[in-house]
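Note that ligands are numbered from 1 as they come in the structure, with each ligand's atoms numbered from 1 the same way. Predicted, not measured: the structure shown is a model, and the values here were computed from it.
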Amino acid sequence: FLSGRVALITGSTSGIGEGVARCLASRGANIVFNGFGDEEQINKLVASVKKDYNVDATFIGGDLSKEEDVKALHNHALSKFPGGIDILVNNAGFQNVSPLENFPLDVFNKMTALMLTAPFHLSKLCVGNMKQKGWGRIINIASAHGHVASPNKTAYVAIKHGIVGLTKAIAIESAGTGVTCTALCPGYVETPLFIKQAEDIAKKQGISYEEGKKYILRVQPSGEAVKIEEISECVAFLCSSAANQMTGTSLIVDGGWTAN
Ligand code: NAD
């Protein structure tokens, strides 16, 4: 049902973003990949998506914490797909765990630039064309941390709450135009971002990786990590006509964390 649509997914060389790219391609969307990583591996990923799903796909790099790279990403995407971006998934991000007293200001600023300013900037660049076409999807990969806090994650929690707010604001501005804006809020998903945290805890507490993982997952009543496919299938749903009236809202997929 997404045949002919173009989806730009930031941070799609790994984890959730890669899963979302594959899932939207499987529904027929052409894909613009972005993110860091090994060039050869990225080329393989793009080639496999093109072949497996018979869609067009391209990779456009750039450090999205930099304003000029965000602009360049959008420009290059338009030169490849002159019809513009139909689905924007703001996903690129990273975590930094540190008590407030020691939290480096430059890291706070970089996280904000990547996870709040870039989504604002890309949404701004894409929304006009979406409105003109009368259809568009802006999907922000926020987090359960867009609704609740955890210690030692001041920047992440503030930014994820911020993107939930940005989602609401964009949604009401574009309501009735065929463009929706939603936040998808995962609990813990076992991606490199999560694995690093579990490894750090294991090292610090002198426990195994599995125990570190269990320690992190104690906040999720299910006791299980969310699977990447359980997030990417929600993105596909948000792109479907069944979700035409879902806008400004959060879809929370967190094993019961925020209900607790
Ligand atoms: P990941 O580390 O597997 O992937 C992050 C992606 O972002 C990679 O492709 C990376 O190259 C890219 N990236 C990082 N810095 C970038 C930059 N400056 N410019 C461009 N790209 C950059 O992590 P993930 O777990 O898949 O995280 C994806 C999103 O999901 C993030 O926004 C994260 O906050 C959110 N999230 C993750 C979890 C989890 O438990 N894994 C839970 C809730 C929300």
Side chains of [X] and [Y], donor plus acceptor under 3.5 Å:
| X | Y | result |
| --- | --- | --- |
| Lys213 | Gln197 | no |
| Asp254 | Thr258 | yes |
| Thr167 | Asn140 | yes |
| Glu229 | Ser232 | no |

ask   = Quick one: does Leu238's side chain get under 4.5 Å of Ser240's, heavy atoms only?
value = no

Report every pair formed by an N or O atom of ligand 1 and a protein N or O atom separated by less than 3.5 Å, giving atom names and the distance to 0.1 Å.
| from | atom 1 | to | atom 2 | distance (Å) |
| --- | --- | --- | --- | --- |
| ligand 1 | 3 (O) | Ser14 | OG | 2.6 |
| ligand 1 | 9 (O) | Gly11 | O | 3.2 |
| ligand 1 | 9 (O) | Thr13 | N | 3.4 |
| ligand 1 | 9 (O) | Thr13 | OG1 | 2.8 |
| ligand 1 | 11 (O) | Thr13 | OG1 | 3.4 |
| ligand 1 | 11 (O) | Phe36 | N | 2.8 |
| ligand 1 | 18 (N) | Asp63 | OD1 | 2.8 |
| ligand 1 | 19 (N) | Leu64 | N | 3.0 |
| ligand 1 | 25 (O) | Thr191 | OG1 | 2.4 |
| ligand 1 | 26 (O) | Ile16 | N | 2.8 |
| ligand 1 | 32 (O) | Asn91 | O | 2.7 |
| ligand 1 | 32 (O) | Lys160 | NZ | 3.0 |
| ligand 1 | 34 (O) | Tyr156 | OH | 2.5 |
| ligand 1 | 34 (O) | Lys160 | NZ | 3.0 |
| ligand 1 | 36 (N) | Tyr156 | OH | 3.4 |
| ligand 1 | 40 (O) | Val189 | N | 2.8 |
| ligand 1 | 40 (O) | Val189 | O | 3.3 |
| ligand 1 | 41 (N) | Val189 | O | 3.0 |
| ligand 1 | 41 (N) | Thr191 | OG1 | 3.0 |

query = For residues 100-154, which residue pairs qualify under ring-ring contact (aromatic ring centres under 6.0 Å, His included), counting only residues two or more places apart or in two chains?
reply =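 Pairs touching residues 100-154 that pass the test: His145-Tyr156, His145-Trp257.
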
